[in-house]
Amino acid sequence: MSATTATAGSKPKPLPFYAQFSAGAIAGVTELLCLYPLDVVKTRIQLQNSSTPAADRYNGMMDAFKKIIASEGAGRLYRGLVPPLMLEAPKRAVKFAANDYWGKTFRGIAGQEKSSRGIATLTGCAAGATESVVVVPFELVKIRLQDKAQSHLYTGPMDVVGKIVKADGLLGLYAGLESTFWRHVLWNGGYFGVIQSTRAMMPPAENKAQELRNNFISGAIGGFVGTALNTPADVVKSRIQNTPNVPGVPRKYNWTFPSMALVAREEGFSALYKGFTPKVLRLAPGGGVLLLVVEVVLEQWRNILGPPYK
């Protein structure tokens, strides 16, 4: 094989980092713009507890949509969009780049050229742990802006940052780091692990259209499983990040698993799945959109760069 041209049957050269980065970034922004209102509704429902006044309660996803639009306007469904929009490019890029890095690492440790379901799951968990460190401050700002009870306290994302730093210092921006870690580890482990299994069970793609279809289906199934696994951690993460520090007053929600136990004890086990419907409606098809767009963008890069990447 020459330096520039791959021979028939040879393995294509891995795409450079900037190609992986751009694919993850474009995929993330596409998914976010299409499905963000579901995230707002999900957060509002998750923040409800036994002390929420009856007039402010949402009886399910459609009731939340109706009440938010009627009382606050349709624009409120995009409240808090700026932080995740700023985050989306680096977050998705980190997700897929970290998944690629950890996949190579774990395959090397196991002495396997191809990824097994176990390696794919472990790779996803490691990628999720890496991603969680990046997203915490952005998630914190987003939650504060999405909450109806607190949104009036802030004029915008930078006002949230300024007030948190003034009250709690720079480390205050990392409130909820531990719960965010578990949320991303569980979602990514389920997502990438199930993608591997689903692809193995599907008929081999005979053309590009079938390959894209398989990617969307496996990504959507992976998104559903990841959501089912991580919703309890997401519920307590939302509550931990939405609870300001008050000097001398113990925080009601602090660590992930004790907070899960507290929610289940006070509100019932089902409360750990509050917001599941809008969350899964976003992340199941969203997982398919992510994988689909990533593969489309990577294919475009292969065409642009040509051999030996094709």
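Every heavy atom of this structure was used, including side-chain atoms; hydrogens, water molecules and symmetry mates were not.
Scored by the salt bridge (charged side-chain N to carboxylate O under 4.0 Å, His left out) test, E299 finds K208, R302 as partners (sequence neighbours excluded). A search for salt bridge (charged side-chain N to carboxylate O under 4.0 Å, His left out) contacts involving D168 returns nothing, not counting sequence neighbours. Taking N254 as the reference, nothing meets the side-chain hydrogen bond (donor to acceptor under 3.5 Å, both in side chains) condition, with sequence neighbours excluded.
Using a 4.5 Å cut-off on side-chain heavy atoms (C-beta onward), M260 and L272 make contact. Using a 4.5 Å cut-off on side-chain heavy atoms (C-beta onward), L38 and F65 make contact. Residues K114 and I119 are not in side-chain contact: their nearest non-hydrogen atoms beyond the backbone lie 4.5 Å or more apart.
Heavy atoms from other residues, nucleotides or ligands lying under 6.0 Å from NZ of K252 number more than 12. Atom CE of M202 has more than 12 neighbouring heavy atoms from other residues, nucleotides or ligands inside a 6.0 Å radius. Other residues, nucleotides and ligands contribute only 12 or fewer heavy atoms inside 6.0 Å of the CZ atom of F224. For CD1 of I304, the number of neighbouring non-hydrogen atoms (other residues, nucleotides, ligands) closer than 6.0 Å is greater than 12. No more than 12 heavy-atom neighbours from other residues, nucleotides or ligands sit within 6.0 angstrom of CG on L171.
The pair R239-E266 fails the salt-bridge criterion, with no side-chain N (NZ, NE, NH1 or NH2) lying under 4.0 Å from an Asp/Glu carboxylate O. With respect to D39 and K42, a salt bridge is recorded, a charged nitrogen being found less than 4.0 Å from a carboxylate O.
How far OG of S218 is from CZ of R213: 10.5 Å, rounded to the nearest 0.5 Å. Here the CG atom belonging to N230 is positioned 10.5 Å from the OG1 atom belonging to T180, to the nearest 0.5 angstrom.
Of all the heavy atoms in F181 and A129, the pair that sits closest is CE1-CB, 3.4 Å. Looking at every heavy atom in both residues, D159 comes nearest to L153 through OD2-O, 3.7 Å.
No chain of hydrophobic side-chain contacts below 4.5 Å, direct or via other Ile, Leu, Val, Met, Phe, Trp or Tyr residues, connects F269 to V235. If you chain together hydrophobic residues whose side chains sit under 4.5 Å apart, Y191 and W102 never meet in one group.
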